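For reference, the structure is listed below as structure tokens.
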Amino acid sequence: MTAAIEIREIVKTFGGATALDRCSLTITAGCVTGIIGPNGAGKTTLLDVLCGLVPPDSGQVLFRGVPITGLPPHAVAARGIVRTFQIVRDLAGLTVLETLLLAPGDQIGETILGALFRRGAVEAQERTRAVRARALLDRIGLWRLADAPAASLSGGQRKLLDLARALMLDPAVLCLDEPAAGVSPPLLDEIIGLIRDLRAAGLTLIIVEHDMHLVREVCDHVHVLAQGRPLVSGTFAEVTADPRVVEAYLGLAA
Ligand SMILES: Nc1ncnc2c1ncn2[C@@H]1O[C@H](COP(=O)(O)OP(=O)(O)OP(=O)(O)O)[C@@H](O)[C@H]1O
Ligand SMILES: [Mg+2]
């Protein structure tokens, strides 16, 4: 089992609140790792640190053995770690298809010189992107809505579109923040099928999720976070049978 990502002793505080408390865990390459835990446990903050959105106070993130701590999000994405969001952001008036075509990435045509002197390459790349976007929209059942405003999509469809946007970047590691939240049962099956296919294609996936059906169906390994650090790790069956996990959830509800 090869480690894709090692998170070492990460501390992140917001004002007086500790979101991550010397958090250490390993993400195995080619596996689906679930991160579960009560509200406020630090799950989203962990993804934020991993993807460069939030600098940690201390600690290290290693990707394939190389430190990436403190790199900005675009640099982390360029190395192959891409994420989706718990709440899908403002869709900026774009259509469904445009949302995918304009997903930031390694676009040759981005600089003026590139646009002037490498027109052939730019056009070839744009065709490739268009083919990829169409294939993704087909796969997630949104092709017939390609020209609809992205903002007109349902919550679940937005989640799928955000996932497709992340896949346009051709990631090695895909981090999903609550992919099942607000998703209807048929769309949830779609997402579960997609995650399985991505795993079969060799992707490493990290899934932060409250929906235990999804976690049980797709995760090879689960870390339970509580108060900013892993409490229990193991298979879904192992962690859900652990009394400390039940207590962590109930403790919060009390
Ligand atoms: N930008 C921020 N400013 C201040 N406090 C924050 C910020 N982001 C997170 N926190 C705090 O850090 C802690 C962990 O938050 P985080 O969003 O990572 O939890 P979570 O496990 O994702 O929770 P949920 O399951 O509700 O999404 C919480 O106490 C939260 O209030
Ligand atoms: Mg969260």
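What you see is a predicted model; the values in this text were computed from it and never measured. Whatever order the structure lists ligands and atoms in, that order sets their numbers, starting from 1. Atoms considered below: every heavy atom in the structure, side chains included; atoms not considered: hydrogens, waters and symmetry mates.
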TODO: Apply salt bridge (charged side-chain N to carboxylate O under 4.0 Å, His left out) to the pair Lys43 and Asp177, showing each step before the final yes or no.
DONE: CA-CA 8 Å; Lys43 305 181 298 295; Asp177 197 352; over 6 Å; no
Task: Check against salt bridge (charged side-chain N to carboxylate O under 4.0 Å, His left out), Asp197 and Arg139 - done: CA-CA 11 Å; Asp197 288 354; Arg139 177 65 180 77; 2.5 Å; yes
- [ ] Go through the steps for Asp162 and Lys159 under the test salt bridge (charged side-chain N to carboxylate O under 4.0 Å, His left out), then give the verdict.
- [x] CA-CA 5 Å; Asp162 197 30; Lys159 287 270 183 192; over 6 Å; no
- [ ] Might you work through the side-chain contact (heavy atoms from CB on, under 4.5 Å) test for Leu71 and Arg79, ending with a clear yes or no?
- [x] CA-CA 10 Å; Leu71 290 182; Arg79 279 167 173 71; 3.5 Å; yes
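Using modelled atom types, one side-chain atom of Thr204 and one backbone atom of Gly30 make a donor-acceptor pair closer than 3.5 Å.
Here the side chains of Val218 and Arg199 are not in contact, with every heavy-atom distance at 4.5 Å or above.
The immediate protein surroundings of ligand 1, defined as residues with any heavy atom under 4.0 Å of it, consist of Phe14, Ala19, Pro38, Asn39, Gly40, Ala41, Gly42, Lys43, Thr44, Thr45, Gln86, Glu178, His210.
Taking CD1 of Ile7 as the reference point, atom CD1 of Ile206 lies at 6.0 Å (rounded to 0.5 Å). The line from CG of Leu176 to CD1 of Ile207 is 5.0 Å long, rounded to the nearest 0.5 Å. Once rounded to the nearest 0.5 Å, the distance linking CG of Asp242 with CD of Glu247 reads 10.0 Å.
Of all protein N, O or S atoms, those under 2.8 Å from the Mg ion (ligand 2) number 2.
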